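Heads up: the structure comes next, in structure tokens.
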Number of protein chains: 2
Amino acid sequence: MGQELDERKLKILKAIVHNYLETGEPVGSRTISKYTDLNLSSATIRNEMSDLEDMGYIVQPHTSAGRIPSDKGYRLYVDNMMKEKEEELSEKQQEITEMKEFLTEKVEQVEELLQNTAKLLANNTNYATVVSSPRFTKRIKFIQLSLINEDKMLCVVVMEGNVIKNKIVNLSKNIDGETVLKLNILFNSTLNGMTIEEINLGTISQITGQAGEQGELVRRVLEIIAEVAGSGEDMKIFTSGATNMLKYPELSDNVHASEIINVFEEKQQLETLITSSEEGSAGTGIQVYIGNETPVQNMKDCSVVTMTYDIGDGVQGTIGIIGPKRMDYEKVVENLKTVKKQLDDAFQNNT
Amino acid sequence: MGQELDERKLKILKAIVHNYLETGEPVGSRTISKYTDLNLSSATIRNEMSDLEDMGYIVQPHTSAGRIPSDKGYRLYVDNMMKEKEEELSEKQQEITEMKEFLTEKVEQVEELLQNTAKLLANNTNYATVVSSPRFTKRIKFIQLSLINEDKMLCVVVMEGNVIKNKIVNLSKNIDGETVLKLNILFNSTLNGMTIEEINLGTISQITGQAGEQGELVRRVLEIIAEVAGSGEDMKIFTSGATNMLKYPELSDNVHASEIINVFEEKQQLETLITSSEEGSAGTGIQVYIGNETPVQNMKDCSVVTMTYDIGDGVQGTIGIIGPKRMDYEKVVENLKTVKKQLDDAFQNNT
DNA sequence: TGTTAGCACTCACTTTAATAGAGTGCTAAT
DNA sequence: ATTAGCACTCTATTAAAGTGAGTGCTAACA
């Protein structure tokens with residue numbers, strides 16, 4: 001198990017994975033013999049492959065078929081690749097600017113930006129994509145309460161990054177315009193610039209204190225602000241390219257297709273995916289789930305590569321690419337990196 | 001072509017459609033011979049079927065297979081069914097109350113309501129569903145402009161039915177809080193209760209006149225109000241049950257699946273579907289597209305049944321059910337009717 | 001000892017042929 | 001006008017045979 005692979009085995013494994021990524025067919029010893037620069041006969045390769053299989057890196061769909069990378073094999077491949085790509089920081093300048101133009105063109109609201117990002121990525125990669133809206137460790141920028149009629153009040157919260165949330169509150173007792181005005185001033189002077197987390201008991205009692213007679217109402221509004229702006233509860237998720245998944249034969253059969261498409265329809269499942277990937281990606285921000293590693297059972301025959309994008313301080317949103325296990329990991333990671341950069345920029349300039 | 005069908009042919013056609021809806025297999029003469037109460041031998045049925053085929057109501061997938069309803073056949077069947085069901089107004093009381101509870105439970109915002117509706121319908125029918133948000137022939141209830149910082153203004157428009165729209169405006173020149181306050185009063189006193197259509201040149205010049213110095217800004221805001229609240233441009237569409245489509249063998253092959261799922265992902269295509277179905281459904285509000293009749297090419301092998309739901313005056317939103325051509329039209333229509341009623345109620349109480 | 005050539009063997013996939021069965025169309029009898 | 005009967009057609013199923021990619025193993029080789 002823990003046994004290290006020697007140089008040659010590694011090379012062969014890589015070749016197998018690589019070839020399989022391209023063709024989607026089990027790859028045999030003869031192919032590898034020609035494919036690599038090792039100058040080994042197929043027989044030797046066979047021996048090595050046999051070893052690799054014993055070690056669990058590759059699998060035979062049936063006797064007398066070529067080999068296919070196992071999840072473990074993919075994993076090794078990906079980890080290795082990552083290490084190599086680490087400092088390259090790929091300068092596909094042309095593609096980058098192209099993206100930049102696309103992304104910043106006429107995008108005024110965050111949601112549109114994210115949806116566009118998802119679409120762009122999906123088109124570029126031919127896989128499916130997920131983009132989550134930023135989690136709001138962000139600060140409150142502005143609060144606006146407005147009386148709509150006697151018993152209904154509109155509560156709008158603008159967060160940094162120009163994400164706007166709103167909700168209508170049913171009032172238990174009538175209040176007048178003057179009061180609303182005061183409340184607005186109160187809330188804005190107290191809460192602007194704060195994150196949800198920073199609103200602690202102290203702040204709350206301070207506010208309710210100042211509100212005097214309207215303490216009850218203030219408490220309700222605070223709840224609503226928390227609900228409206230708070231946590232990842234109603235994290236929005238944008239997807240694109242789900243149909244791309246049907247292009248890969250190993251996923252296009254009825255069972256798989258249903259399962260996968262379903263994930264994209266019930267975006268809730270994607271939420272868990274994103275949440276857990278945010279937790280998992282410590283270092284580079286890149287997280288790769290291969291096959292069964294994924295937290296979403298329906299995707300056990302896919303691979304998912306996610307990357308978090310930053311806005312200033314603190315982890316924020318996540319971009320994910322979902323494809324068959326034999327997806328082109330290199331390309332995917334590159335794409336993610338460039339897009340991440342774009343998003344970071346977009347939010348930087350926009351905040 | 002124009003030739004009427006006699007009683008017997010009609011009965012046979014109905015039997016064929018009915019049987020095919022159930023089994024999904026071509027139906028042969030012997031089956032019909034037993035299936036109906038006509039007491040005719042298979043040979044006779046065969047002759048009749050041959051006629052029906054000549055008239056274009058049924059088709060043979062290949063020689064020596066049974067018959068399948070053509071689009072024309074389905075059409076006749078549906079039209080006939082509709083006529084019969086017209087005044088029944090089906091009282092599946094139990095199911096209705098069940099729905100009612102589900103729909104009105106904890107739904108505070110329109111969008112949630114519609115999404116729930118879509119989901120409910122999809123589950124009930126095992127087909128895919130589309131629900132469009134109401135088109136805003138509706139009136140403006142409330143407008144709120146707020147200064148976020150020196151050069152950004154938030155513009156929120158609440159429509160009747162508590163649909164909230166918002167947008168951030170970049171200001172060309174700075175204005176102060178006082179001005180914003182005045183603008184708010186101006187807009188609200190002038191525009192509240194109006195529909196977008198009613199805001200004509202007269203109103204506009206009236207407002208810009210009163211705004212004096214800020215005329216330029218006012219004009220921009222008006223544009224934004226129109227854009228934000230206006231027309232069906234950003235009509236929202238909710239869908240559910242897309243994966244249900246994969247359950248029907250005639251649609252689950254790769255080509256069809258891709259086409260269909262794609263429609264649900266790119267909701268834009270559904271927009272055209274909804275738009276044109278609103279135009280088409282004059283009388284009962286029910287519109288049935290069978291096969292090629294559909295305005296969305298990707299769905300040429302499906303049937304779509306849509307129904308508009310009302311809120312007070314004027315046509316509003318649309319609910320649609322999408323399934324295979326051999327969908328259970330009766331059930332679908334019944335479901336639509338009950339849901340329509342629920343939605344109508346929900347909006348009545350909520351406005 | 002590591003590498004290689006060679007060969008028998010396995011197993012999925014393809015092709016072909018044979019067969020069964022559902023359903024039709026037509027004809028002749030009722 | 002209806003029906004029984006029969007030849008015919010065409011799909012779907014099954015079985016048999018053949019193909020080919022790929023393996024594992026052995027024996028020879030450097």
Side-chain angles (χ1 to χ4, degrees), chain A residues 3-13 15-20 22-70 73 249-250 252-253, chain B residues 3 5-13 15-20 22-70 73 249-250 253:
Chain A
Q3 207 151 296
E4 248 331 313
L5 288 175
D6 60 39
E7 186 69 21
R8 197 168 73 178
K9 282 199 175 54
L10 194 68
K11 223 161 184 173
I12 292 176
L13 177 60
I16 293 174
V17 177
H18 213 92
N19 196 284
Y20 183 65
E22 276 181 6
T23 63
E25 304 272 291
V27 7
S29 52
R30 243 182 79 87
T31 314
I32 299 300
S33 161
K34 282 183 280 183
Y35 201 81
T36 59
D37 53 351
L38 287 170
N39 273 89
L40 293 173
S41 79
S42 63
T44 315
I45 304 286
R46 272 204 290 285
N47 292 329
E48 296 289 45
M49 283 168 87
S50 179
D51 292 352
L52 283 170
E53 182 161 21
D54 288 346
M55 297 188 230
Y57 289 106
I58 51 181
V59 177
Q60 231 176 344
H62 58 266
T63 357
S64 88
R67 306 302 214 288
I68 279 182
S70 67
E250 67 268 42
S252 71
D253 67 289
Chain B
Q3 208 152 297
L5 289 175
D6 60 39
E7 185 69 21
R8 197 168 75 179
K9 282 200 176 53
L10 194 69
K11 223 161 182 171
I12 292 175
L13 177 59
I16 293 173
V17 177
H18 215 91
N19 196 286
Y20 183 66
E22 278 180 4
T23 64
E25 304 272 290
V27 6
S29 52
R30 246 182 76 87
T31 314
I32 299 300
S33 162
K34 282 183 280 182
Y35 201 77
T36 58
D37 53 352
L38 288 169
N39 272 91
L40 293 173
S41 79
S42 63
T44 315
I45 304 287
R46 271 206 289 285
N47 291 329
E48 295 289 46
M49 282 168 87
S50 178
D51 291 354
L52 282 170
E53 181 162 21
D54 288 345
M55 297 187 232
Y57 290 105
I58 52 182
V59 273
Q60 234 176 341
H62 58 266
T63 357
S64 88
R67 306 301 215 288
I68 279 181
S70 67
E250 68 268 42
D253 66 289

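This structure is a prediction, so every number in the text was calculated from the model and none was measured. Throughout, a chain's letter reflects where its sequence line sits, starting with A, and its residues are numbered from 1.
A straight line from CD of A/Glu25 to C1' of D/dG20 spans 13 Å, rounded to a whole angstrom. Whole-Å rounding puts the B/Met49 CE to D/dT2 P distance at 16 Å. Atom pair A/Ile45:CD1 and D/dA21:C1' shows a separation of 17 Å (rounding to whole Å applied). Atom-to-atom, NE2 of A/His62 to C1' of D/dG20 comes out at 11 Å; the value is rounded to the nearest Å. To the nearest angstrom, P of D/dA1 lies 14 Å from CG of B/Leu40. The distance from atom CG of A/Asn47 to atom P of D/dT26 is 12 Å, rounded to the nearest whole Å. Residue A/Ile68 contributes atom CD1, which lies 13 Å from atom C1' of D/dG22 at whole-angstrom precision.
When heavy atoms are screened at a 4.0 angstrom cut-off, A/Ala43 is found touching base atoms of the nucleic acid. Nucleic acid contact for A/Thr44: base, since at least one base atom lies under 4.0 Å from a heavy atom of the residue.
Chain A approaches DNA chain C over the interval C/dT3 to C/dA12, counting the first and last nucleotide 5' to 3' with an atom under 4.0 Å from its heavy atoms.
Nearest heavy atoms, B/Pro69 versus B/Ile16: CD-CG2, 4.5 Å.
Between B/Ser41 and D/dT2 there is no side-chain N or O to OP1 or OP2 distance below 4.0 Å.
The shortest side-chain heavy-atom distance between A/Leu5 and A/Leu52 falls under the 4.5 Å cut-off.
Identified under the side-chain hydrogen bond (donor to acceptor under 3.5 Å, both in side chains) test for residues 29-41 of chain A, with sequence neighbours left out: A/Ser29-A/Arg46, A/Ser41-A/Thr44.
Residue whose closest nucleotide on DNA chain C sits further toward the 5' end, between A/Ser42 and B/Ser64: A/Ser42.
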